[in-house]
Visitor: 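Structure below; questions to follow.
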2 protein chains.
Amino acid sequence: MKVTMKKIAEEVGVSVTTVSHVVNGTKKISSEKYNQIMEIIRKHNYVPNYSAKNLRSQSTKTAGLIVPSFPDSYVTGYINSISRRAKEMGYNLLFINTDEDVDYEQETLKLLHSNMVDGIILSPSAKMEESESYSEELLDSSLPIVLISRYHEAFQHSPFVTQDDFQAGYDAAIHLLQHGHRDIGLIYAVSGISPTKNRINGYKKALEEYGVSFNENYLEKGHATVEGSRKAVKSLLEKNKEITALFVLSDLMTIGTISGLKEMNKKIPDEVALIGFGDFPSAPIMDPPVTNISLSPDTLGQTAFDLLLNKINNPGYDKTVHIPNFLITRKSCGC
Amino acid sequence: MKVTMKKIAEEVGVSVTTVSHVVNGTKKISSEKYNQIMEIIRKHNYVPNYSAKNLRSQSTKTAGLIVPSFPDSYVTGYINSISRRAKEMGYNLLFINTDEDVDYEQETLKLLHSNMVDGIILSPSAKMEESESYSEELLDSSLPIVLISRYHEAFQHSPFVTQDDFQAGYDAAIHLLQHGHRDIGLIYAVSGISPTKNRINGYKKALEEYGVSFNENYLEKGHATVEGSRKAVKSLLEKNKEITALFVLSDLMTIGTISGLKEMNKKIPDEVALIGFGDFPSAPIMDPPVTNISLSPDTLGQTAFDLLLNKINNPGYDKTVHIPNFLITRKSCGC
DNA sequence: TAACAGAGGTTAAACGTTTTACTTCATTCA
DNA sequence: TGAATGAAGTAAAACGTTTAACCTCTGTTA
């Protein structure tokens, strides 16, 4: 049986209150009693019951982290920094991967409202952002929520931190345009979510600045896997033989795209230049080394947690942060 | 303010007990009252307080997951399947990355003893397994613990699930030996932990079967990163120019090794054959495609969770499971 | 008709803390 | 001396559930 404060108190011959004060340092206790109590605590390896603590204090020192997909190198990156930050701040982390399942996401959010967590860092599932609305109970509740990476307007009054997708799309396209490309294909996985939309908007804006008209056919959707993009790139290039450059919106898809191009015997970058998205470990030693938009998931995660802490302490808090990205130039774009 | 059962009960004019029975379906309630209660519940978006539930029921339906490093593709893989399994079984997951920090690991374990979780899936930090012992309070406590991937004899009476490291080391070495290699280097990151030890033991056993004597100098330790193994392979090959094949014990290090070999202008597989460890997305399209020992993190994670469930329901439960690995042959081993 | 069973509800204790408001006693100060 | 102050400790309520035990009807059975 677990030993409780009551048992400790009885054994020492003191009140539960006193034990509590010793454990928490909330009141001065004579060193005589203090030592007696501490001895018994150590003897029994007493550790306080968190359910009871939480119930009484109405706080759990736990944050919920809800991600839409896993493992994914980017998500993985920010989970890591969130977990580090949580640790530093004395918080625990309740981890939930919704696997893009809208119903499970809603169910989970509801569950977390049960005083299970003090706040939530949420990256909505794709369908959610695209077309669903959150139930009112979530919205008018006072549970602090911070959005990360993906936006949903239901939470327009919550803090939001994201990689700067518009800038990323813009930078990649500008770089290719500067080097003479005019027919730039774009391979993406998930439509409807803000990252995809904003990246495409950045790409469009760049085209516009160069007076190149936007061609809907140059956008190719594929499954968010190596295999998916291998198929996608073939389909895209068969339909549009004039394409000379590609911008691929994820790391796994970048790998698949290279694989597809190799199978088609397309030389990178001579026949098709390539810019990928998200740095992955093998990018520098691929054949050819891959130029890509490098993200900062670490900064993203850390910022998310700090925003959450602010939101918890100050319910009116509301801020949007854009984390900049950087183009890392290697051989695959031919520049 | 949060609405509680008490408020619901008052509003309907019924006892708290009745509300509880409606919420949990623990007793037959007349449909008249049932409907009234449900209506008010929905009106207020009532959701039960989990701290109170947990306190009363002495269970949290939450499992702790303590990993030694993150992100790491293998760890990431099993986290994913653990989280999926937890979801299926109605459990929550408290995620902790110790970052190989022994003190934090101990502190965390202690914390989780506070009725925060119903059980723990643990992969000990390296130093822990190498030289530290767990405090008694953890060992004689009744909190169910399952070890995953890394072993620690303190938990010899807990279930344990691991990839079959001995077999992996053996298979890789046998494969290279069969193809005529006699001077096989091995690059690893963390000594002292069971995976490394067992892989090396498997490698030794294979050498023995082929009557090749084991050479201590062929083992090279490096930092568990791309950069670390790039340095390691250079150092190893400079000291031992006769080496014709390499076995590398992690995916990141495989990437770094290839990078190092390229910088040294060593042709793979003609001058140095290579077998890596752990499948990574770009392995098939590297130059050359990489032969490796493919692990099954999914099976590992799922098994871990199932073992934990068994352990929770039956404290005497104790089982060790070895998940087999497979050699995936591609170009880099020259076979 | 008496005894019983079952349906539908309620009361109150219990889970293990924290914390407010009290008590008691010794000391200090004027 | 008497009042005020402070130090050390305690009693009891509160947090929001679950659940064993009990109660009160109504209808059934012998």
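The model shown is predicted, which means the values in this text are computed figures rather than measured ones. In the text below, chain A, chain B and the rest are named by the order of the sequence lines, each starting its count at 1.
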Visitor: Would you say the side chain of A/Lys27 and the base of D/dG9 hold a donor-acceptor pair, judged only by whether the two atoms sit under 3.5 Å apart?
Guide: yes
Visitor: Within the supplied structure, the quantity of interest is the number of heavy atoms (other residues, nucleotides, ligands) at a distance under 6.0 Å from B/Glu88 CD; does it exceed 12?
Guide: yes
Visitor: Measure NZ/B/Lys33 against C1'/C/dG9 and give the value in whole Å, please.
Guide: 8 Å
Visitor: Does a side-chain N or O from B/Asn24 land closer than 4.0 Å to OP1 or OP2 of D/dT18, or not?
Guide: yes
Visitor: Quick one: B/Ile8 CD1 to C/dT10 C1', roughly how many Å, whole number?
Guide: 18 Å
Visitor: Can you tell me if B/Gln58 touches the phosphate of C/dA14, counting only side-chain N or O atoms and a distance under 4.0 Å to OP1 or OP2?
Guide: no
Visitor: Is it the case that more than 12 heavy atoms not belonging to A/Tyr34 sit under 6.0 Å from its OH atom?
Guide: no
Visitor: Return yes if a side-chain donor-acceptor contact under 3.5 Å exists between B/Ser20 and B/Thr17, otherwise no.
Guide: no
Visitor: Is there a donor and acceptor pair closer than 3.5 Å between the side chain of A/Thr17 and the base of D/dA12?
Guide: yes
Visitor: Decide whether B/Gln163 and B/Ser296 meet the rule of one side-chain donor and one side-chain acceptor closer than 3.5 Å.
Guide: no
Visitor: At under 4.0 Å between heavy atoms, what does A/Ser57 touch on the DNA or RNA strands: base, sugar-phosphate, or nothing?
Guide: nothing
Visitor: Can you find an N or O donor on one side and an acceptor on the other, under 3.5 Å apart, linking the side chain of A/Arg56 with the base of C/dT17?
Guide: no
Visitor: Between B/Lys7 (NZ) and D/dA14 (P), how many Å, whole number?
Guide: 14 Å
Visitor: Could you check how far CG of B/Asn49 sits from C1' of C/dC15, rounded to whole Å?
Guide: 13 Å
Visitor: In whole angstroms, how far is the C1' atom of C/dC15 from the CE atom of A/Met5?
Guide: 14 Å
Visitor: Quick one: the side chain of A/Thr18 and the base of D/dA8, do they pair up donor-acceptor inside 3.5 Å?
Guide: no
Visitor: Checking only heavy atoms, does the side chain of A/Lys2 share a donor-acceptor pair with the base of C/dG16 at less than 3.5 Å?
Guide: no
Visitor: Donor-acceptor pair under 3.5 Å: do we get one between B/Thr26's side chain and the base of D/dT18?
Guide: no
Visitor: Which is true for B/Val14 with a 4.0 Å heavy-atom rule: it touches a base, it touches only sugar-phosphate, or it touches nothing?
Guide: sugar-phosphate
Visitor: What integer distance in Å separates A/Leu55:CG from C/dC15:C1'?
Guide: 9 Å
Visitor: Please state how far atom CD in A/Glu10 lies from atom P in D/dA11, giving the value in whole angstrom units.
Guide: 12 Å
Visitor: Taking only the side-chain nitrogens and oxygens of A/Ser30, find out if one of them lies under 4.0 Å from OP1 or OP2 of D/dA7.
Guide: no
Visitor: Taking only side-chain N and O atoms of B/Lys53, does any of them lie within less than 4.0 angstrom of OP1 or OP2 on D/dT18?
Guide: yes
Visitor: In terms of the nearest nucleotide of DNA chain D, which residue is placed more toward the 5' end: B/Val47 or A/Ile29?
Guide: A/Ile29
Visitor: Look at the side-chain N and O atoms of B/Tyr46 and state whether any lies under 4.0 Å from the OP1 or OP2 oxygen of D/dT17.
Guide: yes
Visitor: For the OG atom of A/Ser123 and the CG atom of A/Asn97, what is their distance to the nearest 0.5 Å?
Guide: 11.0 Å
Visitor: So, OP1 or OP2 of D/dT10: does either fall under 4.0 Å of a side-chain N or O from A/Ser15?
Guide: yes
Visitor: Do A/Asp118 and A/Lys61 sit within salt-bridge range, that is, some charged N less than 4.0 Å from a carboxylate O?
Guide: no
Visitor: B/Gly13 or B/Asn115: which one's nearest nucleotide on DNA chain C is closer to the 5' end?
Guide: B/Gly13
Visitor: Respond yes when some side-chain nitrogen or oxygen of A/Ser20 is under 4.0 Å from OP1 or OP2 of C/dT18, and no when none is.
Guide: yes
Visitor: Between C/dA13 atom C1' and A/Lys6 atom NZ, what is the distance in whole Å?
Guide: 11 Å
